Amino acid sequence: AEAVRQCKADTPDLILMDNDLPDEEGVCLLARLRLHPAAAESRVMMLTGSKTARIQQEALIQGVIEVWEKPVDFRELLDHIGRIDFSRRG
């Protein structure tokens, strides 16, 4: 619910989300976020504890640009994010 409210208030360049949320899977939350214009074109990277084919497929359907399996090397992740071309949306 908080993520939906924040995306309504601002247009994020990048959404970094965990698929392993306490109340629902991140791919389900992302489907709801994508209904809002502010988040419809945002790039999304997803973290997950289990990078299964189902999660990969659902993430791809929702437009996730990359799925990273935890544990994540955050320095590598931040370096990778720094190389994303944010001048192009989607």
Side-chain angles (χ1 to χ4, degrees):
E2 179 62 26
V4 174
R5 281 192 296 274
Q6 288 198 4
C7 281
K8 285 182 182 179
D10 192 19
T11 303
D13 290 321
L14 177 70
I15 299 171
L16 179 61
M17 71 180 339
D18 197 326
N19 190 59
D20 309 318
L21 302 172
D23 297 328
E24 66 182 315
E25 286 189 325
V27 290
C28 296
L29 172 60
L30 183 56
R32 291 198 343 255
L33 287 175
R34 290 293 197 203
L35 297 175
H36 301 283
E41 297 299 319
S42 295
R43 295 173 190 270
V44 178
M45 293 177 70
M46 185 168 286
L47 308 177
T48 182
S50 57
K51 192 174 173 181
T52 64
R54 181 187 65 81
I55 290 171
Q56 287 274 83
Q57 180 65 27
E58 289 180 24
L60 180 64
I61 290 168
Q62 293 303 324
V64 172
I65 59 173
E66 292 185 37
V67 177
W68 288 53
E69 190 166 13
K70 297 185 284 186
V72 171
D73 179 332
F74 282 99
R75 288 182 187 186
E76 181 182 347
L77 180 63
L78 290 173
D79 184 55
H80 186 78
I81 290 170
R83 291 191 305 268
I84 295 173
D85 180 4
F86 288 104
S87 64
R88 298 182 328 176
R89 294 294 257 175

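Computed from a prediction, not measured in an experiment: that's the story for all the values here.
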> Which pair of non-hydrogen atoms, one from Asp20 and one from Gly49, has the smallest distance, and what is that distance?
Replying inline: OD2-N, 2.6 Å
>> Test of understanding: clusters of I, L, V, M, F, W, Y form through side-chain heavy atoms closer than 4.5 Å, transitively. Do Ile55 and Met17 belong to the same one?
In response: no
>> Strictly distance-based, threshold 3.5 Å: is any side-chain N or O of Thr48 a donor or acceptor partner for the main-chain N or O of Ser50?
In response: yes
> For the side chain of Ser42 and the backbone of Pro12, is there at least one donor-acceptor N/O pair under 3.5 Å apart?
Replying inline: yes
> Do NZ/NE/NH1/NH2 and the carboxylate oxygens of Arg54 and Glu25 come within less than 4.0 Å?
Replying inline: yes
> Are Leu30 and Leu21 in one and the same hydrophobic cluster, where Ile, Leu, Val, Met, Phe, Trp and Tyr link if side-chain heavy atoms are under 4.5 Å apart?
Replying inline: yes
> Quick one: CZ on Arg43 to CD1 on Ile65, what's the gap to the nearest 0.5 Å?
Replying inline: 5.5 Å
> Hey, mind stepping through Glu41 and Arg34 against side-chain contact (heavy atoms from CB on, under 4.5 Å) and telling me if it holds?
Replying inline: CA-CA 8 Å; Glu41 297 299 319; Arg34 290 293 197 203; 6.0 Å; no
>> Nearest 0.5 angstrom please: Lys51 NZ to Leu47 CG, how far?
In response: 11.0 Å
>> Please enumerate all residues that pass side chain to side chain donor-acceptor pair (under 3.5 Å) together with Glu66, with sequence neighbours excluded.
In response: Trp68, His80
>> Within this structure, what is the CG-CE distance for the pair Asp18 and Met46, rounded to the nearest 0.5 Å?
In response: 8.5 Å
>> Between Met45 and Ile84, does the side-chain contact (heavy atoms from CB on, under 4.5 Å) criterion hold? Intermediate values first, please.
In response: CA-CA 11 Å; Met45 293 177 70; Ile84 295 173; 3.9 Å; yes
> Just how far is it from atom CG of Asp13 to atom CD1 of Ile81, taken to the nearest 0.5 Å?
Replying inline: 11.5 Å
> Between Arg75 and Asp79, is there a side-chain N and carboxylate O pair less than 4.0 Å apart?
Replying inline: no
>> Show, in sequence, the C-alpha distance, side-chain angles and deciding distance for Leu29 and Leu33, and conclude whether the side-chain contact (heavy atoms from CB on, under 4.5 Å) test is met.
In response: CA-CA 6 Å; Leu29 172 60; Leu33 287 175; 4.3 Å; yes
>> Do Phe86 and Leu77 land in one hydrophobic cluster if side-chain heavy atoms of ILVMFWY residues count as linked below 4.5 Å?
In response: yes
> Are Leu14 and Val72 connected, step by step, through hydrophobic side chains (Ile, Leu, Val, Met, Phe, Trp, Tyr) whose heavy atoms are closer than 4.5 Å?
Replying inline: yes
>> Just verifying a value: how many Å separate Leu78 CG and Arg83 CZ, rounded to the nearest 0.5 Å?
In response: 11.0 Å
